[in-house]
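Let me begin by presenting the structure, written as structure tokens, before commenting on it.
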Amino acid sequence: MSDPYAAAPEDRFSFGLWTVGHRGGDPFGLPTRPPVEPETIVERLAEVGAWGVSLHDDDLVPFGSSPAERDRIVARFGEAVRGAGLCVPMTTVDLFRQPVFKDGALTAADPAVRRFALRKAVAAIDIGAELGAGIFVLWGGREGVESGAARDPRVALERYREGVDFLCEYVRSQGLATRIALEAKPNEPRAHIYLPTTGHMLHFIETLAHPEMLGVNPEMAHESMAGLSFSQSVGQALWAGKLFHVDLNSQNGPRFDQDFRFGAEDLKEAFLTVRLLERSGYDGPRHFDARAYRSEDDIDVYAAFARGCIRNYKILAAKAAAFDTNEAIQAACDKAGAAQLSEPTPGFSPEVLEAIRDEDFTALLANTEGRHHEAADQLMIEHILGI
Ligand SMILES: [Mn+2]
């Protein structure tokens, strides 16, 4: 019998080179796994059923490579990706690792650092274009502060706006179809990062010169670090038509960014997120920005970790479909207001206002009936648990 939870290309599952390629190093410990060539990672991802592989510029082309080396590396990688039947749906730029970015990149006080960041980002967009990536993710990991004493956030945001506008103009000048997805994170590596949540990003986009080119890449761990509901963040991005990409992983509450296997923590939020993505018709990459525990070896990384991300998504998608077609569950959800919320609120007119002023709310104010969320939630829990 075939495995109902095996990945299919239409699932659009993708992994970053930096995820399965993560060597297990952390701020307190050395790497525990050997380095693996990008071409080998691609072969192994194909074996677990991935559809795509994403990358930072420096994951593939070592920082400081010559133009000739860069061309050779990108061409060889593109061949490996095509040979394995994969694609590169997304590339991103590392504007955080090198010491030059110690006080920011696009928001660095030193204008020369900002110009260098633009040069690096433009080169990363070029790598993406060469590999056929339609999406460029921008995560400003160093765009923030430890201390606000010498920083006016209004001025920093103005520099941020100019930097992103520059990149959009570059994409347009090259006639590329690249769309840019902004990724938020509240802290780590900076104490306070500018535009710390997906909601902040969604507003920022509306201040830019070409908002139609920009969307968001919400990451489950990042929103959870701020104590927020990931499914609500994804929901706002979908509602705004701005969900260009999504970083699936898991996180155990507000603490350092854990990037655990998707589904490993907070099953309820994982379920609600998968249900939302599947119901929304989202057809972008289902990208796992996660990494295996430091305790694991390179076989565990693929056999248990990468397969686990995929299986948990597929299992939750099947659970979500069954949830939405179960009559008893749907009746309980409707009793808790699921269908009622679909009824629009009236638009303003003097007549409508007058009618509202005249409406008799006596029975509403006297109504003590509960809203029955406990019953709906309990059914969801039992459904997830397989009862
Ligand atoms: Mn993360």
Side-chain angles (χ1 to χ4, degrees), residues 13-29 31 33 52-59 89-97 101 105 135-144 181-201 215-234 237 243-267 269-270 273-274 277 284-294 296 301 305-306 308-310 312-313:
F13 291 128
S14 58
F15 288 85
L17 279 182
W18 71 96
T19 65
V20 285
H22 195 272
R23 297 181 54 204
D26 67 24
F28 298 92
R33 294 186 285 266
V53 57
S54 57
L55 52 108
H56 297 86
D57 49 352
D58 298 345
D59 297 341
M90 177 274 268
T91 60
T92 181
V93 61
D94 181 334
L95 294 178
F96 43 89
R97 192 170 306 274
F101 300 127
I135 299 159
F136 181 72
V137 163
L138 190 61
W139 173 57
R142 296 284 173 192
E143 315 297 3
L182 303 178
E183 178 175 333
K185 187 174 182 182
N187 57 273
E188 197 196 32
R190 301 307 295 265
H192 300 283
I193 298 179
Y194 298 127
L195 306 172
T197 72
T198 295
H200 289 81
M201 285 297 181
V216 290
N217 175 40
E219 175 176 323
M220 191 160 196
H222 295 180
E223 301 290 317
S224 305
M225 288 167 70
L228 302 176
S229 156
F230 186 60
S231 60
Q232 285 199 15
S233 296
V234 169
L243 189 71
F244 285 9
H245 197 265
V246 65
D247 274 358
L248 300 168
N249 56 19
S250 67
Q251 167 79 16
N252 184 359
R255 62 181 71 194
F256 67 95
D257 188 13
Q258 295 178 304
D259 293 331
F260 284 157
R261 185 177 80 261
F262 180 65
E265 302 285 340
D266 205 346
L267 266 181
E269 267 303 306
T273 299
V274 171
L277 289 173
R286 283 158 176 77
H287 182 249
F288 298 113
D289 184 3
R291 52 181 187 262
Y293 305 143
R294 185 169 185 267
E296 306 306 286
V301 167
F305 163 79
C309 285
I310 288 172
N312 288 344
Y313 189 98

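For ligands, and for the atoms within them, numbers begin at 1 and follow the listed sequence. The shown structure was predicted, so the numbers you read here are calculated from the model rather than taken from an experiment.
- Here the Mn ion (ligand 1) is the vertex; the OD2 atom in D257 and the OD1 atom in D259 give an angle of 110° (to 10°).
- Aromatic ring centres of F96 and F101 lie farther apart than the 6.0 Å criterion allows.
- Ring orientation note: the planes of H287 and H245 are tilted relative to one another, at an angle of 30° to 60°.
- Draw a line from the Mn ion (ligand 1) to OE2 of E219 and another to NE2 of H222, and the angle between them is 80° (to 10°).
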May I have the step-by-step check of salt bridge (charged side-chain N to carboxylate O under 4.0 Å, His left out) for D257 and K185, ending in yes or no?
CA-CA 9 Å; D257 188 13; K185 187 174 182 182; 3.0 Å; yes
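- The Mn ion (ligand 1) has no N, O or S atom of D289 inside 2.8 Å of it.
- Closest non-hydrogen pair, Y313 versus R286, comes out as OH-NE, 2.8 Å.
- With a cut-off of 2.8 Å, the Mn ion (ligand 1) has no N, O or S atom of D247 in range.
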